[in-house]
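Predicted model only: the values in this text are computed from it and were never measured. Residue numbers start from 1 in every chain, and the chains themselves are labelled A, B, ... in the order their sequence lines are given, proteins ahead of strands.
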There are 2 protein chains.
Amino acid sequence: MASPPIPIQSETCPAHCRQCRLRKTDAFSPVTDGELEFIYQLRKGVIQVEAGRDIISEQKSTDKIYTLYAGWAFRYKTLSDGRRQIINFLLPGDLVGLQEKFADGATSGVQAATDAVLCAFPQDGLWELFRNHPSLGYDVTWLAAREENMLDENLLTTGRRNATERVAMLLLHLFRRAKRVSLIQDGEIDFPFSQQHIADALGLSLVHTNKTLRRLHRMGLHEIRDGRLRLLNPKALQEIADYYDKPARQVPLL
Amino acid sequence: MASPPIPIQSETCPAHCRQCRLRKTDAFSPVTDGELEFIYQLRKGVIQVEAGRDIISEQKSTDKIYTLYAGWAFRYKTLSDGRRQIINFLLPGDLVGLQEKFADGATSGVQAATDAVLCAFPQDGLWELFRNHPSLGYDVTWLAAREENMLDENLLTTGRRNATERVAMLLLHLFRRAKRVSLIQDGEIDFPFSQQHIADALGLSLVHTNKTLRRLHRMGLHEIRDGRLRLLNPKALQEIADYYDKPARQVPLL
DNA sequence: CGGTAGATTGAGAGTCCTCAAGCTCTGTGG
DNA sequence: CCACAGAGCTTGAGGACTCTCAATCTACCG
């Protein structure tokens, strides 16, 4: 189904990280010129991946780490009979492939949900980064811990929330994250996921996901149309999910 | 239910990290004398926590990071109506509280499952660590990524494995981890968990957990007695869980 | 010897799953 | 311009897995 990424000369990512579109938003913590230059030197290319293709294969190991520059992606694992669990969704600014680097043999795949653009860094440059720029190393840990926090929440969701609560949770969570990186327009965010994606992220079947989604929609809580999501009653969703937003902070960007 | 930790002058942890019992095993990667001295200087005490008490509260924030020195613990989150999800189990050598440091407001509690001994480090010493000893910073990231890998697997478990597979998975996983840090004797490991713990870790009800556990036991796959676990047929468990051990590696120890 | 925590078992209910079919929309080819 | 195929969404029905309720049993403790 999913094939290896196709490296393409991309025009969507500027030549130098100084012009990086992401850094111009206030979503990411500023870095010094020296750090930025180091990041730029460390970067070993930009790749573009079509929607539905694997950025990192669940089977093979990579020698690269990526920062997602544009698009949506998700990390997943599958059982040998094909059951798939989406571990987490990835948005611009997220680090991709850090787990793989330290994987104790365990593996997860990363797939592009939309056409995506990523900045590639050599895995073995990571040590250099820690040594030369401890603050960037600190940032990497920051990002790892932050992702872990999201996984904590996902575990609580799949383990202890029922179907309705799970769906409410997912809508809130993705909306909030997209908003943080300015992927919001007219109160809507891009929502390029199929119901199968949602089901796989929540540990539900496709059919039950559909029925739950319908119910929330009939209740006037949300609307998904033309690949865009709008929350019509975030408050009610929060109460259903028992999940309340914390103010968004700036996060590091590699 | 769970109260704050009681700092006690402990005799179980030697005066200097040089004598650390854990470091004498081959489970952890060696560090230089300088690093060890730094770790020792950074350490701000040893605390002892009774079984069932919180090491880190789910509500309040800490200013400490710990390394679990002896005993079992677990990290958990709860919904406001009391439903609890155990995120991960913690064994000697595991870092405790790193998530909290970087928590974007999100919180999880850590509770001692047995009487436990922990080495405490000030949270704000972390930056110092990254700056003065990048290799230790690298290690911290290593540990964070490794825990994330475990969470990935847990998510796959709660999301996509059925009750039987989940229980098989948990038994294998805990057994393997305990074995790695030499908590094994005569082919058995300490298993201080109630069925409620198992249920909360797997996202199952207590009753169903019991029935599933019984079934596996009747099939002759495992035995839990007097707080100890023995795997009678690891191969069968592996096939049920669709989970196959990777060779254990040395991991960093802070 | 009562009291409590944890384990065990049965029974009935409910959530969620699988199977199956129909629908909408889009892109392709005749 | 329409037929057709494919992907994704929707809905109904029956069944399976898991949950809740409730009671019993054991071990341990003061």
What are the atom names and distances for every N/O pair under 3.5 Å that joins the protein to nucleotides 8-12 of chain C?
| residue | atom | partner | partner atom | Å |
| --- | --- | --- | --- | --- |
| C:dT8 | OP1 | B:R214 | NE | 3.4 |
| C:dT8 | OP2 | B:Q195 | NE2 | 2.6 |
| C:dT8 | OP2 | B:N210 | ND2 | 2.9 |
| C:dT8 | O5' | B:N210 | ND2 | 3.4 |
| C:dG10 | N7 | B:K211 | NZ | 3.1 |
| C:dA11 | N6 | B:K211 | NZ | 3.3 |

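Residue-level contact check: A:S205 touches the bases, meaning some heavy atom is under 4.0 Å from a base atom. As judged by a 4.0 angstrom heavy-atom cut-off over every strand, B:G227 is placed among residues making no nucleic acid contact.
The nearest whole Å value for the distance from the CZ atom in A:R225 to the C1' atom in D:dG8 is 18 Å. Atom CG in B:L202 sits roughly 18 Å away from atom P in D:dC17 (whole-Å rounding). Taking atom CG of residue A:L204 and atom P of nucleotide D:dC9, one finds them 15 Å apart after rounding to whole Å. The interatomic distance linking B:D81 (CG) with D:dT20 (C1') rounds to 14 Å, in whole Å. To the nearest angstrom, C1' of C:dC17 lies 14 Å from CD of B:E165. The distance between atom NE2 of A:H208 and atom P of C:dG14, rounded to the nearest whole Å, is 15 Å. Regarding B:D226, its CG atom lies at a distance of 16 Å from the P atom of C:dG6, rounded to whole Å. In this structure, A:F191 places its CZ atom 14 Å from P of D:dG8, rounding to the nearest Å.
Between A:L216 and A:I240, the closest side-chain pair of non-hydrogen atoms falls below 4.5 Å.
Closest contact between the side chain of B:S194 and the listed nucleotides D:dC9, D:dT18, C:dA7 involves C:dA7.
A salt bridge (charged side-chain N to carboxylate O under 4.0 Å, His left out) with A:D200 is found for one member of A:R166, A:R75, A:R83, A:R84 and no other, namely A:R84.
The pair A:E153-B:K77 meets the salt-bridge criterion, with a side-chain N (NZ, NE, NH1 or NH2) lying under 4.0 Å from an Asp/Glu carboxylate O.
Separation of atoms CG (A:L90) and CZ (A:R177) is listed at 6.5 Å; rounding is to 0.5 Å. The structure places CD1 of B:I87 at 5.0 Å from CG of A:L155, a figure rounded to the nearest 0.5 Å. Between atom CZ of residue A:R180 and atom CG of residue A:L91 there is a gap of 8.5 Å, rounded to the nearest 0.5 Å.
In this pair, A:Y76 and A:F74 present their aromatic rings tilted. The plane angle is within the 30 to 60° band.
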